J.: 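There's a structure below that I have some questions on.
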Amino acid sequence: MARCCDQLHNEDPVLISYQQGVENHWDNKAINKYMPEGSRPIPFGRMIFLGDGDTDIPTMKMLTYQGGHSIAVYDEQRGQKDLDKIHGLISDDRVDFVAPANYEENSQLDIIVKGILGRIAHELR
């Protein structure tokens, strides 16, 4: 998933290329080719996307809509106006979770990600 984070404002084609097993996310012909949901190597439901800005909102919404898992991360030093906007992402069904961008073990984000991974693993059994 690290490759998607290197893309600026262009995450949707990258996620779709992962889902369909397309190596080159610039290969529009391969990405746009129909593939039945059951034939896709990585279904959206097994994807987790962490977004940290306004440009990530469309990708988070798309992934959430498709059954994937979106987490909006934020700087804990943000003001109340920013926090209200971030929390609104949940009420608008654009993300599944909101958490401070603290990537340390046992942080709220760590617990959320590990919980999602556990749910995915349980579904695969």
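Treat the numbers as computed from the prediction; the structure is a model and nothing was measured.
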J.: Would you say the side-chain atoms of Asn102 pair up with the backbone N or O of Glu104, donor to acceptor, closer than 3.5 Å?
T.: yes
J.: Nearest 0.5 Å, please: how far is CZ in Arg94 from CG in Leu63?
T.: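 With rounding to 0.5 Å, CG (Leu63) is 14.5 Å from CZ (Arg94).
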J.: Linking I/L/V/M/F/W/Y whenever their side-chain heavy atoms sit closer than 4.5 Å, directly or via other members, would Val98 and Ile111 fall into one cluster?
T.: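 No, no single cluster joins them.
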J.: From Asp54 CG over to Leu89 CG, what is the distance, rounded to the nearest 0.5 angstrom?
T.: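 The CG atom of Leu89 is 8.5 Å from CG of Asp54, to the nearest 0.5 Å.
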J.: Is it the case that more than 12 heavy atoms not belonging to Tyr103 sit under 6.0 Å from its OH atom?
T.: yes
J.: Taking Lys61 first and then Asp92, would you say they form a salt bridge - that is, a charged N and a carboxylate O separated by under 4.0 Å?
T.: no
J.: Could you walk me through whether Arg46 and Leu124 satisfy the side chain to side chain contact (heavy atoms under 4.5 Å, CB included) test, starting with their C-alpha distance in whole Å, then the side-chain angles of each, then the deciding distance to 0.1 Å, before giving a yes or no?
T.: CA-CA 10 Å; Arg46 293 188 201 159; Leu124 292 174; 3.1 Å; yes
J.: Does the His87 side chain pair with the main chain of Leu83, one donor and one acceptor, at a distance under 3.5 Å?
T.: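 Checking the backbone N and O of Leu83 against the side chain of His87, a donor-acceptor pair under 3.5 Å is found.
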J.: CE/Met47 to CD1/Ile116 distance, rounded to the nearest 0.5 angstrom?
T.: 14.0 Å
J.: Determine all donor-acceptor pairs shorter than 3.5 Å in which one atom belongs to a side chain in residues 71-82; sequence neighbours excluded.
T.:
from: Asp75; atom 1: OD1; to: Gln77; atom 2: N; distance (Å): 3.0
from: Gln80; atom 1: NE2; to: Asp84; atom 2: OD1; distance (Å): 2.8

J.: Look at the side chain of Ser70 and the backbone N and O of Val95, then say whether any donor-acceptor pair between them is shorter than 3.5 Å.
T.: no
J.: Measure the spacing between CD1 of Ile57 and OG1 of Thr64 and express it to the nearest 0.5 Å.
T.: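 One finds 11.5 Å between CD1 of Ile57 and OG1 of Thr64.
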J.: Going by the rule salt bridge (Lys or Arg N to Asp or Glu O under 4.0 Å), which residues pair with Glu105 if we only count those two or more places apart in sequence or in a different chain?
T.: Lys114
J.: For His69 and Gly45, indicate whether the former's side chain and the latter's backbone hold a donor-acceptor pair under 3.5 Å.
T.: yes
J.: Could you give the distance from CZ (Arg125) to CD1 (Ile120), rounded to the nearest 0.5 Å?
T.: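 These two atoms lie 12.0 Å from each other.
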J.: When you look at Gln108 and Phe97, which way does the side chain to side chain contact (heavy atoms under 4.5 Å, CB included) test go after all the steps?
T.: CA-CA 10 Å; Gln108 181 181 354; Phe97 302 95; over 6 Å; no
